[in-house]
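Throughout, a chain's letter reflects where its sequence line sits, starting with A, and its residues are numbered from 1. All values reported here derive from a predicted model rather than from experimental measurement.
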There are 2 protein chains.
Amino acid sequence: MNVMNESPRRKELTRLAAQLFVQEGFDRTTVRMLAQEMGIKSGSLFHHFKDKQEILAAVIEEGTQNALAIARQSLKRCGSDPEARLRAMARAHLETLFADRNAHVVALFEWRRLDPAASAHLSHLRDAYEALWVDVIDAALNAGLIHGDRFLVSRFVLGALNWTVRWYDPNGSRTPDDLADELVGMIMAR
Amino acid sequence: MNVMNESPRRKELTRLAAQLFVQEGFDRTTVRMLAQEMGIKSGSLFHHFKDKQEILAAVIEEGTQNALAIARQSLKRCGSDPEARLRAMARAHLETLFADRNAHVVALFEWRRLDPAASAHLSHLRDAYEALWVDVIDAALNAGLIHGDRFLVSRFVLGALNWTVRWYDPNGSRTPDDLADELVGMIMAR
DNA sequence: CATTCACACTAGCGCTTGCTTGGTTACTCA
DNA sequence: TGAGTAACCAAGCAAGCGCTAGTGTGAATG
């Protein structure tokens with residue numbers, strides 16, 4: 001088995017795994033299916049990953065790291081205006097959601113299949129991401145842009161955004177930025 | 001095997017199955033686990049259900065039928081005021097979501113595991129339910145209570161509501177009605 | 001009293017699963 | 001040129017899977 005490093009080969013395999021996990025679900029995806037998709041034999045898979053669990057963890061970690069990076073970058077770029085920051089977070093969220101769609105669908109819907117160790121590690125990453133959101137929501141509340149309970153508002157907004165993976169069609173007429181603006185418009189006091 | 005009727009025994013077994021499906025996920029729940037939870041041997045399970053798929057379909061059908069019934073009842077009770085109807089739908093949604101929590105979690109997150117035949121049948125049920133929502137949202141838009149695109153608004157609202165199953169704690173200080181009112185307040189123009 | 005029925009049992013078939021083993025190839029770099 | 005290593009393969013194991021076949025039983029029905 002490889003060490004836990006991030007060889008380019010492993011990264012490519014992780015991408016393919018994410019796609020299969022979305023298509024079939026984690027449990028129904030067999031190591032033989034994964035291997036075939038990767039053009040290798042099933043035994044060879046365990047040269048790159050300790051076990052099937054580790055593949056799942058790699059997929060989710062990849063997606064969450066990207067989300068965190070993009071969100072931080074967006075916030076840095078957009079100054080300190082609360083409305084601009086709110087809009088930027090919504091846009092960044094949808095941008096990463098559809099850029100790394102497979103990884104995020106796995107993260108959102110196969111989370112429970114992680115073993116406790118991996119789950120604990122990835123929870124911290126997720127918390128770091130959500131903390132960004134809470135800060136932005138807080139600032140928007142203090143500025144009077146939106147009303148309500150900070151906890152509930154952030155949960156509702158994240159729920160509405162995450163649920164888009166269930167219905168949004170990237171080939172349709174609406175861009176992710178359209179969605180973000182519509183959502184922000186929907187919740188802002190006028 | 002039993003006919004597809006709704007014997008009380010079968011209904012009770014369906015309830016237990018829903019609980020296990022939530023705990024373990026559909027794929028990881030074995031017929032032996034189901035049988036043990038039900039206090040019978042695995043072979044006996046197939047007296048009540050044709051196969052494992054049929055158990056999943058029964059769980060989801062049960063939940064969706066209840067949601068539809070409760071929503072219709074709530075709308076009938078609350079008159080024709082657009083705001084009251086909007087609030088009633090949100091309350092009804094959360095009420096059924098937590099009254100039949102297991103069934104709904106399965107319906108929301110194990111949907112993909114249905115075979116095509118069952119999926120088509122249950123999609124119609126789901127569409128009937130969502131049609132109620134679109135009507136109510138439409139009326140609220142026409143009354144100027146909320147702003148935005150009817151399609152997007154209903155998707156965002158349903159997303160925010162459905163996502164509550166991931167974080168809402170029924171033993172906490174907030175009632176489902178609190179959540180409904182907060183959400184309605186959040187999206188209403190002021 | 002005979003028959004039927006719902007419900008449960010035991011036993012196990014045929015197949016798939018995640019993962020291991022022992023060995024081979026292809027490439028890098030001293 | 002030869003040692004080291006990353007990547008791979010063929011073969012297979014032990015466990016577990018959904019599901020079936022055939023049987024037993026106590027209560028209701030004729």
Side-chain angles (χ1 to χ4, degrees), chain A residues 1-60 106 110 112-119, chain B residues 1-60 106 110 112-119:
Chain A
M1 187 213 15
N2 240 346
V3 272
M4 293 225 282
N5 69 359
E6 285 295 327
S7 68
R9 181 70 174 141
R10 184 174 148 127
K11 214 156 196 173
E12 170 67 7
L13 298 183
T14 302
R15 213 183 49 80
L16 287 169
Q19 189 187 339
L20 260 182
F21 288 164
V22 170
Q23 266 175 45
E24 305 287 329
F26 175 71
D27 291 318
R28 290 166 73 104
T29 304
T30 69
V31 293
R32 286 165 179 80
M33 292 164 66
L34 286 165
Q36 186 172 23
E37 193 75 11
M38 297 163 177
I40 58 179
K41 300 294 174 180
S42 71
S44 311
L45 229 167
F46 296 91
H47 172 73
H48 301 278
F49 301 93
K50 179 172 130 274
D51 53 22
K52 197 186 165 191
Q53 272 284 327
E54 197 180 277
I55 308 179
L56 177 61
V59 168
I60 296 181
V106 171
E110 306 284 354
R112 298 277 313 278
R113 272 74 212 163
L114 285 170
D115 62 31
S119 179
Chain B
M1 185 216 12
N2 240 346
V3 272
M4 291 225 281
N5 69 359
E6 284 295 327
S7 68
R9 181 72 173 138
R10 183 175 148 127
K11 213 157 196 175
E12 169 66 7
L13 297 182
T14 302
R15 214 183 48 81
L16 287 169
Q19 190 188 338
L20 258 182
F21 287 164
V22 170
Q23 265 175 45
E24 304 288 329
F26 175 71
D27 292 317
R28 290 166 72 104
T29 303
T30 69
V31 294
R32 287 166 179 78
M33 293 165 65
L34 286 165
Q36 186 171 25
E37 193 75 10
M38 297 165 178
I40 58 180
K41 300 293 174 179
S42 71
S44 313
L45 228 167
F46 296 91
H47 172 73
H48 301 278
F49 301 93
K50 178 171 131 273
D51 53 23
K52 197 186 165 191
Q53 272 283 328
E54 196 181 275
I55 308 179
L56 177 61
V59 168
I60 295 181
V106 171
E110 305 285 355
R112 297 279 313 279
R113 271 73 212 161
L114 285 170
D115 62 32
S119 179

Might you work through the side-chain contact (heavy atoms from CB on, under 4.5 Å) test for Ile55(A) and Leu34(A), ending with a clear yes or no? CA-CA 10 Å; Ile55(A) 308 179; Leu34(A) 286 165; 4.0 Å; yes
If you round to the nearest 0.5 Å, how far is [atom2] of [Y] from [atom1] of [X]?
{"X": "Thr29(A)", "Y": "Phe21(A)", "atom1": "OG1", "atom2": "CZ", "answer": "5.5 Å"}
{"X": "Glu110(A)", "Y": "Phe26(A)", "atom1": "CD", "atom2": "CZ", "answer": "8.0 Å"}
{"X": "Met38(B)", "Y": "Ser44(B)", "atom1": "CE", "atom2": "OG", "answer": "11.0 Å"}

Can you find a side chain N or O atom of [X] that sits less than 4.0 Å from OP1 or OP2 on [N]?
{"X": "Arg10(B)", "N": "dC7(C)", "value": "no"}
{"X": "Ser44(A)", "N": "dC9(D)", "value": "yes"}
{"X": "His47(B)", "N": "dA8(C)", "value": "no"}

Does Thr14(B) use its side chain to pair, donor to acceptor, with the backbone of Arg10(B) at less than 3.5 Å? yes
Round to a whole Å and report the spacing from [atom1] of [X] to [atom2] of [N].
{"X": "Leu45(A)", "N": "dA10(D)", "atom1": "CG", "atom2": "P", "answer": "15 Å"}
{"X": "Gln53(A)", "N": "dC19(C)", "atom1": "CD", "atom2": "C1'", "answer": "14 Å"}
{"X": "Phe46(A)", "N": "dA6(D)", "atom1": "CZ", "atom2": "C1'", "answer": "18 Å"}
{"X": "Asp51(B)", "N": "dC19(D)", "atom1": "CG", "atom2": "P", "answer": "5 Å"}
{"X": "His48(A)", "N": "dA7(D)", "atom1": "NE2", "atom2": "P", "answer": "5 Å"}
{"X": "Phe49(A)", "N": "dT20(C)", "atom1": "CZ", "atom2": "C1'", "answer": "18 Å"}

All side chain to side chain contact (heavy atoms under 4.5 Å, CB included) counterparts of Ala18(A), not counting sequence neighbours: Val59(A), Asn102(A)
According to side chain to side chain contact (heavy atoms under 4.5 Å, CB included), who are the partners of Gln36(B), at least two apart in sequence or on a separate chain? none
Within residues 11-28 of chain B, find the residues that approach DNA chain D with a heavy atom at under 4.0 Å, and present them sorted by residue number. none
Mark yes or no: Lys52(A) above the aromatic ring of Phe46(A), with NZ or CZ under 6.0 Å from the six-membered ring centre and no more than 45 degrees from the axis. no
Pair listing, salt bridge (Lys or Arg N to Asp or Glu O under 4.0 Å) test, anchored in residues 15-25 of chain B, at least two apart: Glu12(B)-Arg15(B)
For residues 30-46 of chain A, pull every pair meeting salt bridge (Lys or Arg N to Asp or Glu O under 4.0 Å), keeping only residues two or more places apart or in separate chains. none
Sorted by chain and number, sequence neighbours left out, salt bridge (Lys or Arg N to Asp or Glu O under 4.0 Å) with Arg112(B) holds for none
Axis-to-axis angle across the helix from dC1(C)-dG30(D) to dA30(C)-dT1(D), five pairs each end, nearest 10 degrees, ~ 10°
Contact list for DNA chain C against residues 32-42 of chain A - heavy-atom distance below 4.0 Å: Arg32(A), Ser42(A)
